[in-house]
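Report on the structure given below.
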Amino acid sequence: MLRSGFGSIRRTFSPARSSCICHARLFTTRQVRPGWEAVIGIEVHAQIDSKTKLFSDTPTSFDEAVNTKVSLVDLAFPGVQPRLNSTCVEMAVKTALALNSNVQLRSSFDRKHYFYPDLPQGYQITQHREPIARGGHLTLTKLDGVVEPITVRLDQIQLEQDTGKSFHDMEPGVTLLDMNRAGTGLMEIVTQPDLRTANEAALLAKKLQAVLRCIGSSQANMSEGSMRCDVNVSVRRTGAPFGTRCEVKNLNSVRFLAMAIEAEIDRQIEVLENGGQIVPETRGFDVAARKTFKLRSKETAPDYRYMPEPDLPPLCLSQTYVDQLAATLPELPDQCRDRIMQQYDLNVDDANTLLNEPGSLVYFEELAKGRQVNIVRNWTLHELFGQLAGQDIPFEQNPVSVSQMGGLVDLVQDKKITGPTAKKVLRLMLESEHGVMPQVIVEQRGWARQGDAQALTELCQKLADAHKDKADAVRSGTLKFFPWFIGQAMRESKGRADPVELNKILCDLLGCKPEDVAALSKKKKKN
Ligand code: ADP
Ligand code: MG
């Protein structure tokens, strides 16, 4: 039965519950509560950023009409055979190298059997016995936001196929299937239980995202499903042996991951404090209720009947191949952060923003070429990012091109426009003037900085005459009205008046010392 492009089956279980957004708690130690410690490991599935699927030459689809990127191989028609995609292998090897993991010169594939409508073969091809890489680690430093530096060890990295996608809530009583994703290459990356708090787990997920994006092996976007995380959580009295763990599945943002871990820690501690026992389970997370809920018990976990994949020979790599890929690795996030903090005099938050927002570092570095770094920093990291955030636009959809933004920075740098004007121009480039150079916007609207001393003097004189009481007050030492005149003059000039020139003229006119005015504005900024 086909419905609007979907394959469909009868639904046997309930749809996911609705969501709301809340903030995660902040931790200052590795203990989650006095006397209690949590133990956390993460299993990540990252979709490999390759043009075609893992075992077929079907194009991968990240945003395509349903069931349009599917071949007979992906649908497991009788007689078809898998053929390994070399790009996926290359990406996995690069990922392993970037994560300090040992690439295995020989690995192999297995079939993992289970029956679900979005798995047409009736088994997933994975690397159960001999993964492509073993071991490895990621470190979290104070710059990443942890209290003490920690090393999170990795178990292994394995290549495997993705499934199709089931939609349970589009038509009542029916599950719809989109097979575009079926057969896409995944890297499963498993950490050892080295994490102790939700915050550490969230920072690790972010760090992993940064590494995968940096080497280009995955877009690692949790909300779009190109990075999916399951977390294993247990709690214990401080210093006691590891407790029984539960797995929380299907977390689709770093924030939800942190929230789910906190909720699960709270639940387990409560059970134990009330004299109960933790039963190994697979659980889901209800964002609205901020609670995890049971999906299934581990006792009823299926027997996957693993067997070697007979249609694929072992994957044998040469050391030369691995060495060649190692030589192509780009600068990794930690090195990059050190460099940009130094080169552009960035604080750690700004550096992390550039590392975490896909595309923003290249944008920033392009802009910084030959321009004053402090102006680029201010207008990109603070103003542009601020306006984008205000309009809920992710950086990836930033409509302002590097050349437009460069033009704007040049206008500010060359003192052709004032700060308030630059803000207006930026807003226009974001909202309506797509692709129009800022020079053109400024010219068309007559927004050039007004530095003509005579015109500004006339303007100030007019203001001083019209508001004689305030002008006299300033003249007799009540400096607090000085900024009021600056504000008025700015308003009258529609933000175009040169603030330095204006300051000078008003000081002369109202008989105050520039250093007193400067001291006043410094004091104001401090407050
Ligand atoms: P499974 O076969 O259930 O997937 P794995 O051995 O692959 O089990 O481990 C899954 C995850 O569970 C790993 O990330 C590991 O770090 C984590 N883990 C193992 N023991 C514990 C524990 N006691 N508490 C929390 N997490 C754990
Ligand atoms: Mg596992």
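Values in this document were obtained by computation on a predicted structure and should not be read as measured data. In listed order, ligands and their atoms are each counted from 1.
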Please identify which atoms of ligand 1 are closer than 4.0 Å to at least one heavy atom of [X].
{"X": "Glu43", "value": "4 (O), 10 (C)"}
{"X": "Gly243", "value": "23 (N)"}
{"X": "Phe242", "value": "23 (N)"}
{"X": "Gly41", "value": "14 (O), 16 (O), 26 (N)"}
{"X": "Val190", "value": "13 (C), 14 (O)"}

> Any salt bridge between Lys207 and Asp334, counting N to O under 4.0 Å?
Replying inline: yes

>> Taking Arg339 first and then Glu365, would you say they form a salt bridge - that is, a charged N and a carboxylate O separated by under 4.0 Å?
In response: yes

> Is there a donor-acceptor contact under 3.5 Å from the side chain of Thr60 to the main chain of Lys51?
Replying inline: yes

>> Using only atom types and a distance under 3.5 Å, with no angle test, would you say the side chain of Thr139 pairs donor to acceptor with the backbone of Ile150?
In response: no

Report the member of [options] with the shortest heavy-atom distance to [atom].
{"atom": "atom 14 (O) of ligand 1", "options": "Thr191, Asn232, Leu195", "result": "Thr191"}
{"atom": "atom 5 (P) of ligand 1", "options": "Lys298, Arg153, Arg245, Gln192", "result": "Arg245"}
{"atom": "atom 24 (N) of ligand 1", "options": "Ser234, Cys246, Pro241", "result": "Ser234"}

>> Can you confirm, on distance only, whether ligand 1 has an N/O atom lying under 3.5 Å from any N/O atom belonging to Asp155?
In response: no

>> What I want to know is whether Ile40 and ligand 1 share at least one N or O pair that is separated by under 3.5 angstrom.
In response: no

> What closest approach, in Å, do Gln192 and Val152 show between heavy atoms, and which atom pair accounts for it?
Replying inline: O-CG1, 4.5 Å

>> Please give me the minimum heavy-atom distance between Cys214 and Glu331, naming the atom from each residue.
In response: SG-O, 3.1 Å

> Rounded to the nearest 0.5 Å, what separation is found between the CZ atom of Arg290 and the CZ atom of Phe285?
Replying inline: 6.5 Å

